[in-house]
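Read the structure below first, then the notes.
For clarity, every value in this text was computed on a predicted model and none was experimentally measured. Both counts, for ligands and for their atoms, begin at 1 and track the order of listing.
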Amino acid sequence: MAGDAGSIPELDQKKYDSGEQVKIICLGDSAVGKSKLMERFLMDEYRPQQLSTYALTLYKHTATVGNKTVAIDFWDTAGQERFQSMHPSYYHKAHACIMVFDVQRKITYKNLANWYKELREFRPEIPCCVVANKIDADLKVTQRSFNFGKKQGIPFYFVSAADGTNVVKMFREMITRAVEYKQNPSDFMDEVLQELENFDLEEKEDPEADEVGLKTESPELE
Ligand SMILES: Nc1nc2c(ncn2[C@@H]2O[C@H](COP(=O)(O)OP(=O)(O)OP(=O)(O)O)[C@@H](O)[C@H]2O)c(=O)[nH]1
Ligand SMILES: [Mg+2]
């Protein structure tokens, strides 16, 4: 991928602004590899050592789904181990969630249940997946079965941010599911939001309607 090592490829702002906007969040204990997975997907690079993410990092990205441009905001946060919970604004209007655990630390797998519970309190219907990270450290783990995803009926991926295994596949599938959810939400509030957004777009596409609206509704502006 082009660009300096460690820098995010430059965003095409025009393309981003014209795309369908989706928000994808990442959940999981500290040091499971959330930031490294984003780095691997967005920059195709991985540096072994890095400090814990500070408050919040927002990565903007564009992708093509079908023949449509999609503008994605990836939200990455950190230190959850310290707080065991996220601020509600983190979940606000999210369209998909990637839940990560570290195959080498059992407790991070056990804690998925807590993360999932909190996610569903705020976002009962959005697509979600479980990601088992760091499989490069011990390939034998891929023979083990981790039933949390199956029990909840959500997809499961074995990945490695270090060597890139399954990272692009997982992100691509989650982007597609986020877009599908946004276009066809199963949560009542999201349906209303989508209606409002479509309404807004229709208005923008009809400049004459704007003019008429201005003249009739705000005569004092003339
Ligand atoms: N072997 C191996 N190590 C990894 C992998 N992904 C991340 N790590 C290491 O795990 C540590 C934590 O990775 P981060 O991406 O910073 O973890 P995080 O989940 O963002 O942590 P917080 O920001 O504290 O919430 C780093 O030292 C990484 O090098 C992986 O796929 N394989
Ligand atoms: Mg981080």
- Per-atom contacts, ligand 1 versus Ser160 - under 4.0 Å to a heavy atom: 31 (O)

- Query: With a 6.0 Å cut-off on ring centres, are His61 and Phe41 close enough?
  - Reply: yes

- Measure up the Tyr181 and His95 rings against each other and bin them: parallel (under 30°), tilted (30 to 60°), perpendicular (over 60°). tilted

- the Mg ion (ligand 2) to nearest N/O/S of Ser35 below 2.8 Å: yes

- Query: Taking only residues at least two apart or on different chains, which pairs with a member in residues 134-158 satisfy salt bridge (charged side-chain N to carboxylate O under 4.0 Å, His left out)?
  - Reply: Asp102-Lys134

- Task: Verify the distance criterion only: is there a donor paired with an acceptor across the side chains of Tyr91 and Glu118 at less than 3.5 Å?
- Result: yes

- Message: For ligand 1, which is the ligand I care about here, please tell me if Ala162 has any N or O atom under 3.5 Å from one of the ligand's N or O atoms.
- Response: yes

- Query: Considering only heavy atoms, does Asp136 approach ligand 1 within less than 4.0 Å through its side chain, its backbone, both, or neither?
  - Reply: side chain

- Task: Would you mind finding which of Ala31, Ala132, Gly164, Ser35 brings a heavy atom closest to atom 21 (O) of ligand 1?
- Result: Ala31

- Task: To the nearest 0.5 angstrom, please state how far the CD atom of Glu180 sits from the CD1 atom of Ile175.
- Result: 12.5 Å

- Which is it for Asp163 and ligand 1 at heavy atoms under 4.0 Å: side chain, backbone, both or neither? neither

- Message: Checking side-chain polar atoms at under 3.5 Å, does Thr108 have a donor or acceptor matched by the opposite partner on Asn111?
- Response: no

- Task: Indicate yes or no: does an N/O atom of Ser30 lie under 3.5 Å from an N/O atom of ligand 1?
- Result: yes

